[in-house]
Engineer: 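Take a look at the following structure, please.
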Amino acid sequence: GTTNPASGKEGPSVAYTVDAQLQNVVAYYVSQLGANGWIIAPISNAAGYTVITATKGARLFASYIGEAGGMVQVTSGVQLQ
């Protein structure tokens with residue numbers, strides 16, 4: 001199984017690397033989550049990653065976004081709370 005990067009609990013997740021600027025990826029996630037009714041918690045930083053968490057109903061979303069080798073790495077997951 002897979003785990004949510006924020007909680008460590010089981011749930012679907014995806015990881016990918018993209019050729020983009022970190023702040024643009026973070027801004028995209030924040031805008032899309034907000035536009036789709038998610039309540040976004042304050043953005044934090046952990047171990048060099050920007051951490052976005054949000055809730056919608058009984059769902060918890062989390063994304064860790066960081067830079068490595070000139071690319072942006074994203075790991076996101078969602079689970080029931």
Engineer: With Gln23, which residues qualify under side chain to side chain contact (heavy atoms under 4.5 Å, CB included), at least two apart?
Structural biologist: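 Listed in chain order: Gln21.
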
Engineer: Closest approach of Val74 and Ser63, non-hydrogen atoms and distance?
Structural biologist: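 For Val74 versus Ser63, the nearest heavy atoms are CG1-OG, 3.5 Å.
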
Engineer: Hey, what do you get for CZ (Arg59) to CD (Gln79), rounding to the nearest 0.5 Å?
Structural biologist: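 Output value for this atom pair is 12.5 Å.
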
Engineer: Determine whether Ile39 and Lys56 make a side-chain contact, defined as any pair of heavy atoms from C-beta on separated by less than 4.5 Å.
Structural biologist: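 Ile39 vs Lys56: side chains apart.
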
Engineer: Can you get from Val14 to Tyr64 by hopping between Ile, Leu, Val, Met, Phe, Trp and Tyr side chains that sit under 4.5 Å apart?
Structural biologist: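 Different hydrophobic clusters.
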
Engineer: Please report the closest heavy-atom contact between Gln81 and Gly57, naming both atoms and the distance.
Structural biologist: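 Minimum heavy-atom separation between Gln81 and Gly57: NE2-O, 3.6 Å.
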
Engineer: For a quick test of reading the model, state the closest non-hydrogen atom pair linking Ile40 to Val30 and the distance between them.
Structural biologist: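 The pair with the smallest heavy-atom distance is CD1-O, 3.4 Å.
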
Engineer: Taking the inter-plane angle between the rings of Tyr29 and Phe61 on a 0 to 90° scale, is it parallel (under 30°), tilted (30 to 60°) or perpendicular (over 60°)?
Structural biologist: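 Parallel, since the angle between the ring planes stays under 30°.
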
Engineer: Could you give the distance from CH2 (Trp38) to OG1 (Thr55), rounded to the nearest 0.5 Å?
Structural biologist: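 Rounded to the nearest 0.5 Å, the CH2-OG1 separation comes to 7.5 Å.
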
Engineer: Looking only at heavy atoms, which two atoms of Ala20 and Val25 are closest? And how far apart?
Structural biologist: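 Residues Ala20 and Val25, closest heavy atoms: CB-CG2, 3.9 Å.
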
Engineer: Can you list the residues that meet the side chain to side chain contact (heavy atoms under 4.5 Å, CB included) rule with Ser44, with sequence neighbours excluded?
Structural biologist: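 Ser44 satisfies side chain to side chain contact (heavy atoms under 4.5 Å, CB included) with Val51 only.
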
Engineer: Rounded to the nearest 0.5 Å, what's the gap from CD1 on Ile52 to CG on Leu33? Could you check?
Structural biologist: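 Reported value, rounded in 0.5 Å steps: 7.0 Å.
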
Engineer: What closest approach, in Å, do Met71 and Asp19 show between heavy atoms, and which atom pair accounts for it?
Structural biologist: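 Here Met71 and Asp19 meet closest at CE-N, 3.6 Å.
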
